[in-house]
Amino acid sequence: MDFPIGLLPQLPTSLLADTTGSESSQDEKGAAAIFTTQLDDFLGGGPVQFREVQNNESLTFLGYFKSGIKYKQGGVASGFQHVVTNDMNVKRLLHIKGRRAIRATEVDMSWSSFNRGDCFIIDLGKDIFQWCGSECNSFERLKASQVAIDVRDNERNGRATLLMIEEGGEPQAVIDALGPKPNIPAGSADDESVDRSNQKKGVLYMISDAAGSMKASVVAQTSPFKQEMLSSSECYILDNGVDSKIFIWKGPSANTAERNAAMKAAEQFIKEKKYPKHTQVQVLPGGGETTLFKQFFCNWKDKDQTTGPGQAYSLGRIARVVQVPFDSSSLHTNKTMAAQHGMVDDGSGKVQVWRVEDGDQVPVDPSSYGQFYGGDCYLVLYSYRLGGREQHIIYTWQGLKCTQDELAASAFLTVRLDDSMGGSPVQVRVTQGQEPAHLMSLFKGKPMVIHLGGTSRKGGQSRVGSTRLFHIRQSSTRATRAVEVEPSAAFLNTNDVFVLKSSNTVFLWRGVGATEEELAAAQYVTSFLGGGSATEVSEGKEPAGFWSALGGKKEYQTSRSLQKMVKPPRLFGCSNKTGRLIAEEVPGDFNQSDLATDDVMLLDTWDQIFLWIGNEANEVERTGSAKIAKDYVDSDPSGRRGIAITTIKQGMEPPTFTGWFQAWDPKLWETDPLERIRARF
């Protein structure tokens with residue numbers, strides 16, 4: 001996502017972000033705060049408000065932009081040269097930083113901006129070069145490639161040529177653009193030193209204007225707090241300044257002056273405490289509390305909940321307009337945030353689907369729309385109306401088992417289709433298993449079905465096995481996806497529904513935590529698999545024939561906490577690549593590809609902590625991560641203690657771990673992830 005420094009992005013009305021560019025003026029910052037307050041008033045005080053500062057954005061904000069944020073030079077009425085989207089004559093240099101939260105900052109187009117420890121994108125319009133320093137590792141190259149692909153696909157509509165180059169192997173075009181190459185300095189370690197031992201500690205204050213000016217009085221000196229400490233007629237500050245976070249809670253019955261002055265009170269509080277200017281601020285309406293806020297309370301109960309911090313709900317006009325179950329302060333529910341921010345409509349527009357075949361696009365029978373085969377590539381054209389104008393999106397879906405020729409043809413055919421429509425469509429390239437919520441919503445209430453391999457062509461490239469297993473799961477956007485997995489009992493999950501087709505029987509297996517929507521999606525899957533009517537099987541009551549078809553009983557994910565969680569899961573990477581061992585949270589909706597093989601990863605599932613050891617993790621990361629895990633649990637503001645910490649190694653993951661990742665692929669790391677993404681260049 002691109003942000004010209006000084007400009008503000010548009011976000012959904014149930015979450016307001018006051019974002020500040022590093023070069024914006026004081027007047028612009030003040031105007032943004034005023035507009036945020038006015039918009040909050042217009043929406044009945046229901047939205048959660050965030051104050052975001054460039055280079056110090058919250059994980060919530062970063063979670064909207066999985067492919068990374070790009071900071072552009074320029075802005076409104078600035079002296080900088082403006083960057084024009086889709087301009088093929090552009091010349092710029094992007095410096096890529098971050099292993100989990102990716103930031104691409106536009107820097108001077110000069111060799112002096114380079115260092116050997118990072119990746120850079122040299123954008124020459126028609127040609128985009130990803131330059132990799134000699135000291136950067138494969139995971140950093142992988143993340144930089146995601147940004148480079150995003151520039152090509154979304155800024156150049158797929159028309160630019162993308163090349164990866166190594167330090168010392170620069171082509172003539174790069175030398176012509178940057179001049180003679182000098183000696184490149186070494187990369188610098190991240191010198192930010194933050195003591196995170198107390199990052200979850202908080203102090204609770206009540207704020208009041210009773211004396212004519214805003215005053216803060218201490219309610220409790222340290223967390224965990226009790227929910228009864230919050231009065232519906234008052235406003236409060238929860239001070240987590242040691243972790244650069246301030247929360248303002250607005251009681252639903254508090255007077256208008258106090259509610260409207262919440263953000264101003266937070267800024268005054270930050271000055272008085274001498275906290276950094278980049279301290280993040282969240283303003284929360286009563287009833288719209290986020291998980292990040294509720295974790296400071298040991299006994300939080302939501303309106304319709306009996307235990308634990310769960311999903312947020314909103315009050316006022318927002319609740320009457322739309323009731324979306326998402327937690328606007330954390331990354332683990334980012335699918336819902338993507339639904340609110342990334343879904344252009346409800347998917348009820350016109351859909352056309354073509355399969356890539358022999359270098360051309362062949363129409364797919366509408367009766368099989370929504371079924372995708374791993375050995376194919378597809379073009380999906382979606383047309384809808386917005387503001388009286390027809391808009392278009394081209395989704396290019398690329399199966400994991402398609403050929404290199406089909407990959408190349410899909411890119412060419414996407415550009416050809418875009419050209420035939422005057423260059424107006426938005427292009428989205430989708431790799432199997434990474435389908436966005438909007439794509440999953442296009443098939444008129446039917447689930448998106450992803451076949452493990454094979455093809456939908458007549459004749460087919462490969463025959464399907466006699467035994468097949470489909471994993472059906474509903475996302476937090478209410479979209480369902482049925483993904484074919486290897487027919488083994490180890491892939492079962494107590495929270496979901498599975499369809500098992502053997503040579504003579506179709507079983508519909510329902511886990512104890514499955515939803516009715518997942519069951520309905522499973523019944524659709526059985527309808528096209530053939531084999532007669534399905535035999536419905538409840539977990540724990542399986543007949544012998546069911547286990548026999550799966551090759552026998554095996555251990556699988558039996559924890560219901562995945563569906564009935566009191567707190568959503570979180571994934572962290574433990575790395576010393578910056579010169580010291582730190583834990584950094586993965587932004588956005590995590591998946592298996594977020595497990596960095598050269599790091600140790602920490603997965604928090606609330607009632608258990610997993611330490612996943614990547615094969616390439618170094619000794620410092622392997623030995624030091626256990627202490628990070630213990631400190632993480634001990635510092636939990638909700639008072640969690642004594643949680644089991646399980647250490648597992650890459651390639652030896654038990655179902656209790658893999659069950660948190662839909663359609664876990666045990667063969668994923670047999671191919672170098674960097675080679676897979678290079679295939680998309």
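With sequence neighbours excluded, the residues forming a side chain to side chain contact (heavy atoms under 4.5 Å, CB included) with T658 are E653, P655, W664, listed by chain and number. In this structure Q371 satisfies the side chain to side chain donor-acceptor pair (under 3.5 Å) test together with H451, sequence neighbours excluded. Taking the side chain to side chain contact (heavy atoms under 4.5 Å, CB included) definition, one finds that D365 meets it with S367, S368, sequence neighbours left out. In this structure, E670 has no salt bridge (Lys or Arg N to Asp or Glu O under 4.0 Å) partners at least two apart in sequence or on a different chain. Under the salt bridge (Lys or Arg N to Asp or Glu O under 4.0 Å) criterion, K627 pairs with D631, sequence neighbours left out. Residues that satisfy the side chain to side chain donor-acceptor pair (under 3.5 Å) test with E542, not counting sequence neighbours, are W509. Checked against side chain to side chain donor-acceptor pair (under 3.5 Å), S410 has the following partners two or more places apart in sequence or in another chain: Q398. Under the side chain to side chain donor-acceptor pair (under 3.5 Å) criterion, K630 pairs with D634, sequence neighbours left out. Shown here are the ring-ring contact (aromatic ring centres under 6.0 Å, His included) partners of Y378, two or more places apart in sequence or in another chain: F372, W397. Remark: K554 engages no residue in a salt bridge (Lys or Arg N to Asp or Glu O under 4.0 Å) (not counting sequence neighbours). Scored by the side chain to side chain contact (heavy atoms under 4.5 Å, CB included) test, S548 finds no partners at all (sequence neighbours excluded). Take E517 and apply the side chain to side chain contact (heavy atoms under 4.5 Å, CB included) test, not counting sequence neighbours, and it matches Q474, R478, T515.
Although no hydrogens or angles enter the test, the distance criterion places a donor-acceptor pair under 3.5 Å between the side chain of Q432 and the main chain of L400. A donor-acceptor pair under 3.5 Å is formed between the side chain of Q592 and the backbone N or O of D665. Judged purely by atom type and a 3.5 angstrom limit, R622 has no side-chain atom pairing as donor or acceptor with the backbone of V600. Using a distance-only test at 3.5 Å, with no hydrogens or angles considered, a donor-acceptor pair links the side chain of N493 to the main chain of G659. No donor-acceptor distance shorter than 3.5 angstrom exists from the side chain of E435 to the backbone of M440, with no hydrogens or angles considered. In this structure, the side chain of Y382 engages the main chain of G349 through a donor-acceptor pair within 3.5 Å. Panel note: side chain Y524, backbone L519; no donor-acceptor pair is recorded below 3.5 Å. Remark: side-chain polar atoms of S488 are not paired, donor with acceptor, to backbone N or O of F491 under 3.5 angstrom.
Side-chain contact check for Y384 versus I393: some heavy-atom pair is nearer than 4.5 Å. Residues F590 and F661 have side chains in contact (heavy-atom distance under 4.5 Å, counting atoms from C-beta outward). At least one side-chain heavy atom of F657 sits under 4.5 Å from a side-chain heavy atom of L603. Between L571 and W660 the shortest side-chain heavy-atom distance does not fall below 4.5 Å. Side-chain contact check for V537 versus L500: every heavy-atom pair is 4.5 Å or farther apart. Within the 4.5 Å cutoff, side-chain heavy atoms of K401 are placed close to those of L452. A heavy-atom distance below 4.5 Å is found between the side chains of L469 and V485.
From T480, atom OG1 reaches atom NZ of K446 across 11.5 Å, with rounding to the nearest 0.5 Å. For the atom pair T526 OG1 and E536 CD, the distance stands at 10.0 Å (nearest 0.5 Å). Here the straight-line distance linking atom CD1 of I648 with atom CH2 of W612 works out to 8.5 Å at 0.5 Å rounding. Rounding to the nearest 0.5 Å gives a distance of 10.0 Å between CZ of R570 and CD1 of I609. Between the CD atom of Q557 and the CG atom of D496 there is a distance of 9.0 Å, given to the nearest 0.5 Å. With rounding to the nearest 0.5 angstrom, the CG atom of L602 is 9.5 Å from the OG1 atom of T647.
Scanning all heavy atoms of the two residues, the minimum distance from L439 to F443 falls at O-CE1, 3.2 Å. Nearest heavy atom pair, residue G552 against residue A489, reads O-CB, 3.6 Å. Between W249 and P285 the shortest heavy-atom distance is NE1-O, 4.5 Å. In this structure, F470 and I450 approach most closely via the heavy-atom pair CE2-O, 4.2 Å. Residues F297 and L230 come closest through the heavy atom pair CZ-CD1, 3.9 Å. In this structure, V351 and L442 approach most closely via the heavy-atom pair CG2-O, 3.6 Å.
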Criterion side-chain contact (heavy atoms from CB on, under 4.5 Å) on W669 and N615, from CA distance to verdict:
CA-CA 10 Å; W669 292 295; N615 287 340; over 6 Å; no

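When each of E516, E539, E518 is checked for a salt bridge (Lys or Arg N to Asp or Glu O under 4.0 Å) with R510, only E516 meets the rule.
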